[in-house]
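What follows is a set of notes on a single structure, which appears directly below.
All values reported here derive from a predicted model rather than from experimental measurement. Reminder, nothing fancy here: chain letters follow the sequence lines and each chain counts from 1.
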Amino acid sequence: MKKEQLLDLYYQMVLIRRVEERGAELYQAGKIGGFMHLYIGQEAVSTGLIAAREPRDRVITAYRDHGVALNCGISADEVMAELLGKATGMSKGKGGSMHMADVSKNMWGGHAIVGGHLPVAAGFAIGDQYAKNDNITICMFGDGATNIGYFHESLNLAKTWGLRVLWVCENNQYGMGTSVERASAVDEIRQKAEGYGMKNAAVDGMDVMKVYEAAKEAMDYIRKEGQPYLLEINTYRFRGHSMGDPERYRKAEEVKQWQENDPIGIFNKYLLDKKVATRKALDEIEARVEEETNKAVEFAESSPEPTMEDLYTDIYADA
Amino acid sequence: MAKITMREAISQALMEEMDRDPAVFIMGEEVGVWGGTYAVTKGFYDKYGPDRVKDTPIAENAILGGAIGAAMVGQRPIAELMTINFAFSAMDYIVNQAAKLRYMFGGQFMLPLVIRAVGGGGRQLGATHSQTPDAIFAHFPGLKVVSPGTPEDAKGLLKSAIRSNDPILFIEHATMYQVRGEVPEGEYTIPIGKSKVQREGKDLTIVTYCKGLELSMKAAEQLSKEGIEAEIVDLRTLRPLDMEPVLESFKKTNRAIVVEEGWKSYGVGSEIVSRIYEEAFDYVDAPIIRVAQKEVPLPYNRTLEQAALPQVADIVNAAKEVLK
Ligand SMILES: Cc1ncc(C[n+]2csc(CCOP(=O)(O)OP(=O)(O)O)c2C)c(N)n1
Ligand SMILES: [Mg+2]
């Protein structure tokens, strides 16, 4: 990867972190409502993954979607505006934190029914197969989502029909308060792909370079072979499941231990060690992010609310 | 009488029945270690252990199908759906299995199952997580649907539901867990399938249930200040539907509105209004009005969401309209 690209990855990860930290403050201040699931700790996953895609490749994910939205090129302004339910959000304030999409950037949304978007991802690939192109659909979901039938139906179909889907399990060790061992018959999620004869791998999700390389390899295979692939990315969420999680199910020491492996810290060190960037250059990126985030908050706060007419738009395409 | 919250009432009902009958157990997502996402089963895991408070994988079909099977072989499971919106992920188990198996096999077995599910909008959770689809479930013979509006009813009805030998969907409202109300001291149950007059009045009848009761009580207070006395009939059970108190009230007031949180089309109000027209047509003095949710999926934005949900002011206006 070129130096500019590497620095851009760093920029994206820091941007996700800061946008979410500010989002959390606005949530506490009562300016954001509903459920808000933070991606803090998992930034390397979507950053590395989406860096490996071509713009024509589609991305779809679950409700923990702010990072994915930013990585796909949706602006911090729009992310913040959607969080605040403003008309200038990418979903016009109708979707909120869990439902960010910009299909012009091939970001097909955050989805809040666990596992519900997996068959839809298979459907994107059916559409692309039918159109005889070799686009890939990147479908992200949590470890908890691999226990629901949707996952199994989708994997089976993808392998049987030769669908170009990169199934990405973000294994952050818990589905809400239930650890993987307590909910899944196998500890390694990737083993589930074996039952469907699907190629698979697992990778350390705290290291953005490793994620990028694993994703590249998987996507090369998918494009060439016309077959799906399952990638398990091991990671950890530093915050609660959503805002207001009492976190009775895990110990503070466990969280602390993972935080020592902060994906941003790891990449920061990598860039310095490999002499890709000077500390000053990284500081400048952080300052740029700070400015962009401040601007996004201002943009969102000063944006208009949707109007009463908006309540009735977008329900049907035909009149 | 003690004053407790809806949350405490439901929690007490579950605990009392688990203490009374060892065949009763709970299964669902985050019911154990987490203590229930709405803290209804807080402390249960420590008290009863993992055999009786089962944290399941995220697998609604397995939760409901599993509970149905366990009920068929003699246990008395309480299956919890984290929210009623996830019932759609397991609709087959509610509609094709729970509601039909006993009938189809000529009554050879019982299906003593309670499905607890939280519904309702108003929390900015977006279109898929904010629904009040109660009427859909009340459509199916073979299933009973209960949805209380006070702590007293919640406790008494849930205890009856757990003791019942039939599949019962017990619908709670996400914004009502902090609602306080008096409940009788000691052991009591309330029969399923009985509507109740929650407020007496002579001028019009408001038929409602669950969240609609809370809103209607507030509306009735406002109306009272203007000299209008509304009688409120709380359905409490949607199937089997007890029309007696509704008809009795209507024959007195000759005017009615129906208040529900779900969508108006094909809703609870549609059923109630038809039944009044069918069974008390001679008493109708004015067209009956339905107050319900606007015909849109619920948006995230708070102002728009509130605009789509029925409000106290809508009830007050409808009451005045029906009295014109
Ligand atoms: C069908 C369905 N069941 C339950 C839920 C409630 N729920 C939301 S997130 C979640 C946990 C999901 O865990 P995981 O897939 O590991 O994703 P993570 O939150 O860890 O990113 C649950 C149970 C839901 N949204 N949809
Ligand atoms: Mg998880």
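Looking at B:Glu30, its side chain does come within 3.5 Å of a backbone N or O of A:Gly177 through a donor-acceptor pair. The backbone N or O of B:Trp34 sits less than 3.5 Å from a side-chain atom of A:Arg248, completing a donor-acceptor pair.
Contacts between A:His152 and chain B at a heavy-atom distance below 4.5 Å are absent for every atom of the residue. Proximity to chain A is limited to the backbone of B:Glu295, based on heavy atoms less than 4.5 angstrom apart. With a threshold of 4.5 angstrom between heavy atoms, A:Phe151 does not approach chain B through any atom at all. Only the backbone of A:Thr307 comes within less than 4.5 Å of a heavy atom in chain B; its side chain stays farther off. Of the two parts of A:Ile32, the backbone and the side chain both hold a non-hydrogen atom closer than 4.5 Å to a non-hydrogen atom of chain B.
Residues B:Pro57 and A:Ala183 share a closest heavy-atom pair of CG-O, 3.4 Å. Scanning both residues, A:Leu311 and B:Ala308, for their nearest heavy atoms gives CD1-CB, 4.1 Å. In terms of heavy atoms, B:Val296 sits closest to A:Tyr312 at CG1-CD2, 3.6 Å.
Dense packing is recorded around NZ of B:Lys100, with more than 12 heavy atoms of other residues, nucleotides or ligands lying under 6.0 Å away. Counting non-hydrogen atoms of neighbouring residues, nucleotides and ligands closer than 6.0 angstrom, the NZ atom of A:Lys105 exceeds 12 such neighbours. More than 12 heavy atoms of other shown residues, nucleotides or ligands fall within 6.0 angstrom of atom CD in A:Gln28.
Of the listed residues B:Ala62, B:Ala59, B:Ser89, the one with more heavy-atom pairs under 4.5 angstrom with chain A than any other is B:Ser89. Counting heavy-atom pairs closer than 4.5 Å to chain B, the top-ranked of the candidates A:His111, A:Met98, A:Glu247, A:Met308 is A:Met308. Counting heavy-atom pairs closer than 4.5 Å to chain A, the top residue among B:Ile58, B:Thr56, B:Thr37 is B:Ile58. When the candidates A:Arg182, A:Met176, A:Glu305, A:His99 are compared by the number of heavy-atom contacts under 4.5 Å with chain B, A:Met176 comes out ahead. Contact count against chain A (heavy-atom pairs under 4.5 Å) is highest for B:His129 among B:Arg302, B:Glu305, B:His129.
A distance of 12.0 Å separates NZ of A:Lys92 from CG of B:Leu304, quoted to the nearest 0.5 Å. Rounding to the nearest 0.5 Å places CG of B:Asn301 at 9.5 Å from CD of A:Glu82. With rounding to the nearest 0.5 angstrom, the CD atom of B:Glu29 is 10.0 Å from the CG atom of A:Asn147. The distance from the OH atom of B:Tyr300 to the OG atom of A:Ser97 is 7.5 Å, given to the nearest 0.5 Å. Between the CD atom of B:Glu60 and the CD1 atom of A:Ile148 there is a distance of 4.5 Å, given to the nearest 0.5 Å. Put simply, OG on A:Ser179 and CG on B:Asp55 are 9.5 Å apart, with the number rounded to the nearest 0.5 Å.
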